[in-house]
Asks: 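If you scroll down you'll find the structure; I have some questions about it.
Computed from a predicted structure; not experimentally measured.
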Amino acid sequence: RIPIFVVGIYAGYVTQNHKEIVFKKWIYLLLLVILSIGLYLAYLYNFTSFKIFVTQGNTFLAPFLIAISLPFLLAKLLDILERRVLPLEKIINVTLSFFGAISLELYCFQDWFEKSIPYLQYFGFSDIAINFLLLLITIATAWVFSKLAKLFLQEIPEKIESRKKNEKVT
């Protein structure tokens, strides 16, 4: 996770400073190859007994390759869609904004709800049903928690401001 975090910090720095990362076409082809390798390794790790770099309970190389290449390829795809398919732009922006606003909550709750998988399997739920159910529950819980956190966090500055005014009066 640390290499991905460092790349994310750099991407945030570039975005915050209004710089642009411009790739030539061959870089996108290389990113597509890297993504393909990452997806293939993920398949091997999850559906066969293949192992290369194994960290505690999970793989390293496949998620790293996917996380390094996929964001740049998705950004390019969204850029192309924005330029060529205008009505789709609003749908994409609203959807990505929604999930971006609750991404931390999604990350936290998915790990928590993941522990219920063996219980759901015990009661006969199929893998597809479990994935769909947990996806819906995770999104709903993350959204509700996000709204509650915003309400709570909005009250804190108001209370601080109210206390400051009360102290000035006395």
Asks: Counting neighbours of CZ on Phe98 that are heavy atoms of other residues, nucleotides or ligands and sit closer than 6.0 Å, is the number greater than 12?
Replies: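 Buried by this count: over 12 neighbours within 6.0 Å.
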Asks: Show me the donor-acceptor pairs within less than 3.5 Å that the side chains of residues 21-28 make with the rest of the protein, sequence neighbours left out.
Replies:
none

Asks: Run the side-chain contact (heavy atoms from CB on, under 4.5 Å) check on Leu44 and Tyr40 step by step: do they pass?
Replies: CA-CA 6 Å; Leu44 291 177; Tyr40 181 66; 3.4 Å; yes
Asks: Determine, using the 4.5 Å side-chain heavy-atom cutoff (strictly less than), whether Leu77 and Leu29 are members of one ILVMFWY cluster.
Replies: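 No, Leu77 and Leu29 fall in different hydrophobic clusters.
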Asks: Go through Gln121 and Asp127 one step at a time and tell me if the side-chain contact (heavy atoms from CB on, under 4.5 Å) criterion holds.
Replies: CA-CA 8 Å; Gln121 288 172 332; Asp127 288 346; 3.6 Å; yes
Asks: Among Leu30, Ile34, Leu32, find the one that has a side-chain contact (heavy atoms from CB on, under 4.5 Å) with Ser69.
Replies: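 So the option named by the test is Ile34.
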Asks: Would you confirm whether Ser97, through its side chain, and Val94, through its main-chain N or O, come within 3.5 Å as a donor-acceptor pair?
Replies: no
Asks: Looking at residues at least two apart in the chain, or sitting in another chain, which of them share a side-chain contact (heavy atoms from CB on, under 4.5 Å) with Ala42?
Replies: Asn46, Ala62, Ile66
Asks: Quick one: pull up OG in Ser36 and CG in Leu31 and give me the separation to the nearest 0.5 Å.
Replies: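 Here the rounded value is 10.5 Å.
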Asks: Applying the 4.5 Å side-chain criterion to the ILVMFWY set and letting contacts propagate, would Leu120 and Leu135 be lumped into a single cluster?
Replies: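 In one cluster with Leu120: Leu135, no.
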Asks: Once you round to the nearest 0.5 Å, how far does CZ of Phe113 lie from CG of Leu106?
Replies: 10.5 Å
Asks: Measure the OH-OH distance between Tyr122 and Tyr119 for me, rounded to the nearest 0.5 Å.
Replies: 11.5 Å
Asks: With sequence neighbours left out, write down each residue that passes side-chain contact (heavy atoms from CB on, under 4.5 Å) with Ser126, or none if nothing qualifies.
Replies: Ile128, Ala129
Asks: Could you measure the distance from the CG atom of Leu148 to the CG atom of Leu153? Nearest 0.5 Å is fine.
Replies: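 Leu148 atom CG to Leu153 atom CG measures 10.5 Å (nearest 0.5 Å).
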Asks: With sequence neighbours left out, write down each residue that passes side-chain contact (heavy atoms from CB on, under 4.5 Å) with Ile37, or none if nothing qualifies.
Replies: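 Result, side-chain contact (heavy atoms from CB on, under 4.5 Å) vs Ile37: Val33, Leu41, Leu65.
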Asks: Same cluster or not: are Phe132 and Phe109 linked, directly or through other Ile, Leu, Val, Met, Phe, Trp or Tyr residues, by side-chain heavy atoms under 4.5 angstrom apart?
Replies: no
Asks: Taking ILVMFWY side chains as joined if any heavy atoms are under 4.5 angstrom apart, and letting links pass through other members, which residues group with Leu104?
Replies: none
Asks: Please list every donor-acceptor pair under 3.5 Å in which a side-chain atom of residues 136-145 meets a protein atom from a residue at least two apart or in another chain.
Replies:
{"unit_1": "Thr138", "atom_1": "OG1", "unit_2": "Leu134", "atom_2": "O", "d": "2.6"}
{"unit_1": "Thr141", "atom_1": "OG1", "unit_2": "Ile137", "atom_2": "O", "d": "2.7"}

Asks: Counting C-beta onward and ignoring hydrogens, is there a side-chain heavy-atom pair between Tyr107 and Asp111 closer than 4.5 Å?
Replies: no
Asks: Nearest 0.5 Å, what's the CG-CD1 distance between Leu73 and Ile68?
Replies: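 So the CG of Leu73 and the CD1 of Ile68 are separated by 11.5 Å.
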